[in-house]
Participant: 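Structure in structure tokens, see below.
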Amino acid sequence: MTDDTSQPSGYYARHIFFCLNERINGEDSCAHHGAKEAFDHCKSRVKAEKLAGPGKVRVNKAGCLDRCAGGPIAVVYPEGTWYTYVDKSDIDDIVESHLKNGQVVERLLTPPELGR
């Protein structure tokens with residue numbers, strides 16, 4: 001029998017990784033599109049919603065996720081859902097819909113063919 005308050009075997013129920021990579025050679029990168037601000041906003045919202053911690057959600061920085069053409073990029077695991085976002089309101093939608101309620105935000109999905 002499982003207890004709903006028990007910690008999942010993966011330690012966190014979900015991870016969201018934000019690409020914060022900054023290319024210095026002139027190539028476009030997520031850092032040039034407000035990725036750090038989006039990461040900070042997501043982390044703040046997750047804490048405010050009491051979603052942070054073991055068995056819940058972890059917000060992480062990542063280096064290049066190699067999907068620059070869709071940037072800025074974030075990915076949620078374990079689902080492997082890739083998001084392209086524009087502003088804080090998009091991050092709010094990801095937190096509320098996906099991280100809190102498990103519902104993918106369809107309008108923010110990164111097209112599958114977009115890579116680097």
Side-chain angles (χ1 to χ4, degrees):
M1 179 180 267
T2 53
D3 175 5
D4 287 337
T5 61
S6 69
Q7 190 169 288
S9 62
Y11 197 73
Y12 292 107
R14 288 194 175 89
H15 265 91
I16 182 167
F17 292 91
F18 283 82
C19 175
L20 300 184
N21 191 52
E22 181 172 9
R23 297 188 186 284
I24 56 174
N25 62 0
E27 285 183 68
D28 206 12
S29 58
C30 292
H32 299 142
H33 296 281
K36 174 72 167 79
E37 293 80 6
F39 166 81
D40 290 341
H41 183 68
C42 185
K43 195 162 187 83
S44 172
R45 281 292 318 277
V46 164
K47 285 182 181 178
E49 294 286 333
K50 299 188 182 348
L51 298 174
K56 298 179 183 176
V57 175
R58 175 79 181 165
V59 182
N60 282 94
K61 299 175 184 176
C64 185
L65 295 171
D66 215 25
R67 303 220 40 210
C68 308
I73 290 287
V75 60
V76 177
Y77 287 108
E79 296 91 338
T81 304
W82 292 83
Y83 289 114
T84 300
Y85 55 88
V86 174
D87 55 26
K88 287 181 178 180
S89 123
D90 289 344
I91 300 303
D92 291 342
D93 287 350
I94 293 169
V95 170
E96 185 65 28
S97 294
H98 196 150
L99 301 181
K100 186 175 182 180
N101 297 312
Q103 300 298 312
V104 171
V105 184
E106 299 285 334
R107 71 177 183 81
L108 298 176
L109 289 176
T110 305
E113 70 279 0
L114 286 183
R116 186 155 179 219

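If you read the sequence from its start, that first residue is 1, and numbering goes on from there. These figures come from a predicted structure and were not determined experimentally.
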Participant: Minimum heavy-atom separation for Ile73 and Cys30, please, with both atom names.
Facilitator: N-SG, 3.5 Å

Participant: Would you check if the side chain of Thr84 reaches a backbone N or O of Leu108 as a donor-acceptor pair within less than 3.5 Å?
Facilitator: no

Participant: Following the transitive rule for hydrophobic clusters with a side-chain heavy-atom cut-off under 4.5 Å over Ile, Leu, Val, Met, Phe, Trp and Tyr, establish whether Leu65 and Tyr77 coincide in one cluster.
Facilitator: yes

Participant: What is the minimum heavy-atom distance between Tyr83 and Thr110, and which atoms define it?
Facilitator: C-OG1, 3.1 Å

Participant: Nearest 0.5 Å, please: how far is CD in Glu22 from NE2 in His32?
Facilitator: 4.5 Å

Participant: Which atoms form the tightest heavy-atom contact between Pro54 and Tyr11, and what is the distance?
Facilitator: CG-OH, 3.3 Å

Participant: Go through the steps for Asn25 and Glu27 under the test side-chain hydrogen bond (donor to acceptor under 3.5 Å, both in side chains), then give the verdict.
Facilitator: CA-CA 6 Å; Asn25 62 0; Glu27 285 183 68; 2.8 Å; yes

Participant: Quick one: CD1 on Ile16 to CZ on Arg58, what's the gap to the nearest 0.5 Å?
Facilitator: 13.0 Å

Participant: Check the pair Leu109 / Thr81 against side-chain contact (heavy atoms from CB on, under 4.5 Å), numbers first and verdict last.
Facilitator: CA-CA 7 Å; Leu109 289 176; Thr81 304; 3.4 Å; yes

Participant: Under 3.5 Å, is there a donor-acceptor pair between the side chain of Tyr12 and the main chain of Val59?
Facilitator: no

Participant: Evaluate the side-chain proximity of Cys68 to Asn21: yes if any heavy-atom separation is below 4.5 Å, no if none is.
Facilitator: no

Participant: Check step by step if side-chain contact (heavy atoms from CB on, under 4.5 Å) holds for Glu79 and Val76.
Facilitator: CA-CA 6 Å; Glu79 296 91 338; Val76 177; 3.6 Å; yes

Participant: Let me confirm one number: the OG-CG distance from Ser29 to Leu20, rounded to the nearest 0.5 Å.
Facilitator: 10.0 Å

Participant: Could you give the distance from NZ (Lys61) to CZ (Phe39), rounded to the nearest 0.5 Å?
Facilitator: 5.0 Å

Participant: Ile24: which other cluster members, linking ILVMFWY side chains closer than 4.5 Å, directly or transitively?
Facilitator: none

Participant: Under 4.5 Å between any side-chain heavy atoms of Cys42 and Val95, yes or no?
Facilitator: yes

Participant: So which heavy atom on Arg14 is nearest to which on Gly102, and how close?
Facilitator: NH2-CA, 3.3 Å

Participant: Once salt bridge (Lys or Arg N to Asp or Glu O under 4.0 Å) is applied, what residue pairs with a partner in residues 101-110 remain, sequence neighbours excluded?
Facilitator: Asp90-Arg107, Asp93-Arg107

Participant: Mind listing the closest non-hydrogen atom pair of Lys100 and Glu96 along with its distance?
Facilitator: CB-O, 3.3 Å

Participant: Are Trp82 and Phe18 connected into the same hydrophobic cluster when the rule is that any two of I, L, V, M, F, W, Y join if their side-chain heavy atoms are below 4.5 Å apart?
Facilitator: no

Participant: Could you label the plane-to-plane angle of the Phe17 and His15 rings as parallel, tilted or perpendicular, counting under 30° as parallel and over 60° as perpendicular?
Facilitator: parallel

Participant: Not counting sequence neighbours, which residues clear side chain to side chain contact (heavy atoms under 4.5 Å, CB included) with His41? List them please.
Facilitator: Arg45, Lys88, Ile91, Asp92

Participant: Side-chain heavy atoms under 4.5 angstrom apart, residues restricted to Ile, Leu, Val, Met, Phe, Trp, Tyr: same cluster for Leu51 and Val105?
Facilitator: yes

Participant: Can you measure from CG (Leu114) to CG (Asp66) and round to the nearest 0.5 angstrom?
Facilitator: 12.0 Å

Participant: If you look at every heavy atom in Arg67 and Pro112, which pair is closest and at what distance?
Facilitator: NH2-O, 3.5 Å

